[in-house]
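Scroll down for the structure; my scribbles are underneath it.
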Amino acid sequence: MKVVLLGEIKGKGGEGDVVDVAQGYAENYLFPKKLAVAATKGNLKQLEERRNNIEKREAVRIADANSLKETLEGKSVVVDAKVGDEGILFGSVTSAMIVDAIKDQLGVEVDRKRVELGKAIKVAGSHEVAVSLYREIRATVTVLVGVTAEEVEEETEEAAEAAEVAADAEVAAE
């Protein structure tokens, strides 16, 4: 069944898109929630008349998402969690905890459903987390769990020094 989407639907499309969906999905979910209308001649004609307004709103959404990406990209947030022996957490870090940390430390509102964790964070340290902002626009945020930014920098410096010492040892061995 062809429908005209009235808003953004993940995996289907954006506002103004004409998509083919199952009839039950359309009648039981999209129509009652006013997320879509049937693709009749009249609705398609209205869509063409509204196309300019839809494109303007889309441009604004993309611009907002890109500015938000610039704000978030490459930033680090610290999430406090109880850490046991050997760096294992008591529990795990959730997307809600990450969203709270982003809001408190960076001053940016992000929906928790937009945080793409993949699997739960159960180990202390530095973790890369993607935040889906709009359609294909994503920002990567470093989440520091149970450590501070200074400790991560020290660990990175120590690892670099250890690699340098190992390289010097190889040169001396040759």
Side-chain angles (χ1 to χ4, degrees), residues 1-81 89-146 152:
M1 171 177 217
K2 293 216 180 274
V3 296
V4 177
L5 299 179
L6 299 177
E8 180 78 19
I9 298 177
K10 189 173 184 176
K12 296 293 180 195
E15 182 181 5
D17 291 348
V18 178
V19 295
D20 199 15
V21 296
Q23 185 173 351
Y25 179 61
E27 291 176 356
N28 296 320
Y29 182 74
L30 297 176
F31 296 162
K33 292 189 179 267
K34 303 206 183 324
L35 297 173
V37 294
T40 61
K41 287 182 182 178
N43 287 339
L44 290 174
K45 189 173 182 180
Q46 285 180 350
L47 172 66
E48 291 306 316
E49 293 172 2
R50 293 184 7 217
R51 183 70 70 188
N52 190 29
N53 292 338
I54 292 171
E55 289 173 2
K56 287 179 184 176
R57 284 194 296 266
E58 184 77 10
V60 169
R61 289 181 190 132
I62 289 173
D64 289 345
N66 283 328
S67 67
L68 192 57
K69 178 180 179 176
E70 290 175 10
T71 305
L72 291 177
E73 190 69 41
K75 297 288 183 3
S76 298
V77 293
V78 177
V79 175
D80 291 330
L89 299 180
F90 294 113
S92 63
V93 175
T94 63
S95 58
M97 295 168 79
I98 294 170
V99 167
D100 289 342
I102 290 172
K103 183 179 178 185
D104 293 342
Q105 296 167 25
L106 302 177
V108 177
E109 287 276 338
V110 178
D111 185 15
R112 70 175 175 81
K113 295 175 187 168
R114 299 278 184 182
V115 176
E116 298 173 356
L117 267 180
K119 60 181 182 178
I121 297 174
K122 296 186 178 197
V123 179
S126 175
H127 303 275
E128 297 292 320
V129 175
V131 179
S132 175
L133 301 173
Y134 183 72
R135 292 195 181 191
E136 314 309 309
I137 302 172
R138 287 182 171 72
T140 304
V141 178
T142 303
V143 178
L144 305 173
V145 181
V152 171

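Heavy-atom basis, side chains included; hydrogens, waters and symmetry copies ignored.
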Could you state the interatomic distance from [atom1] ([X]) to [atom2] ([Y]), rounded to the nearest 0.5 Å?
X     : Y      : atom1 : atom2 : value
Glu15 : Arg51  : CD    : CZ    : 9.5 Å
Gln46 : Thr40  : CD    : OG1   : 8.0 Å
Lys69 : Ile137 : NZ    : CD1   : 7.5 Å
Lys10 : Arg114 : NZ    : CZ    : 7.0 Å
Met1  : Phe31  : CE    : CZ    : 4.0 Å
Glu73 : Thr140 : CD    : OG1   : 4.5 Å

Please report the C-alpha distance between Ile121 and Val79 in whole Å, then the side-chain angles of each, then the deciding distance to 0.1 Å, and finally whether the side-chain contact (heavy atoms from CB on, under 4.5 Å) criterion is met.
CA-CA 11 Å; Ile121 297 174; Val79 175; over 6 Å; no

Under 3.5 Å: donor-acceptor pair, side chain of Asp17, backbone of Gly14:
yes

When you measure from the side chain of Asn43 to the backbone N and O of Ala38, does any donor-acceptor pair fall under 3.5 Å?
yes

Would you please test Leu35 and Leu6 for side-chain contact (heavy atoms from CB on, under 4.5 Å) and show each step?
CA-CA 5 Å; Leu35 297 173; Leu6 299 177; 5.8 Å; no

Identify the two heavy atoms, one from [X] and one from [Y], that lie closest to each other, and give their separation to 0.1 Å.
X      : Y      : value
Gly16  : Ile54  : CA-CD1, 4.0 Å
Arg138 : Ser132 : CG-CA, 4.0 Å
Ala26  : Val3   : CB-CG1, 4.1 Å
Arg135 : Gly13  : NH2-C, 4.0 Å
Leu144 : Ser76  : CD1-CB, 4.2 Å
Leu133 : Ala139 : CD1-CB, 4.1 Å

Just wondering, are more than 12 heavy atoms of other shown residues or ligands nearer than 6.0 Å to [atom1] in [X]?
X      : atom1 : value
Lys75  : NZ    : yes
Glu128 : CD    : yes
Arg57  : CZ    : yes
Tyr29  : OH    : no

Intermediate values then yes/no, side-chain contact (heavy atoms from CB on, under 4.5 Å), Leu106 and Thr71:
CA-CA 8 Å; Leu106 302 177; Thr71 305; 5.6 Å; no

Charged N-O contact under 4.0 Å between Glu48 and Lys45
no

With a 4.0 Å cut-off, would you call Glu8 and Arg61 a salt bridge?
no

Can you check side-chain contact (heavy atoms from CB on, under 4.5 Å) on Ile9 and Val19, steps first, answer last?
CA-CA 11 Å; Ile9 298 177; Val19 295; over 6 Å; no

Side chains of Val129 and Val77, heavy atoms from C-beta outward: is any pair under 4.5 Å?
no

With heavy-atom distances below 4.5 Å as the criterion, would you say the side chains of Ile62 and Asn66 are in contact?
yes

Using side chain to side chain contact (heavy atoms under 4.5 Å, CB included) as the criterion, point out the one residue from Val143, Val141, Val99 that pairs with Val115.
Val99

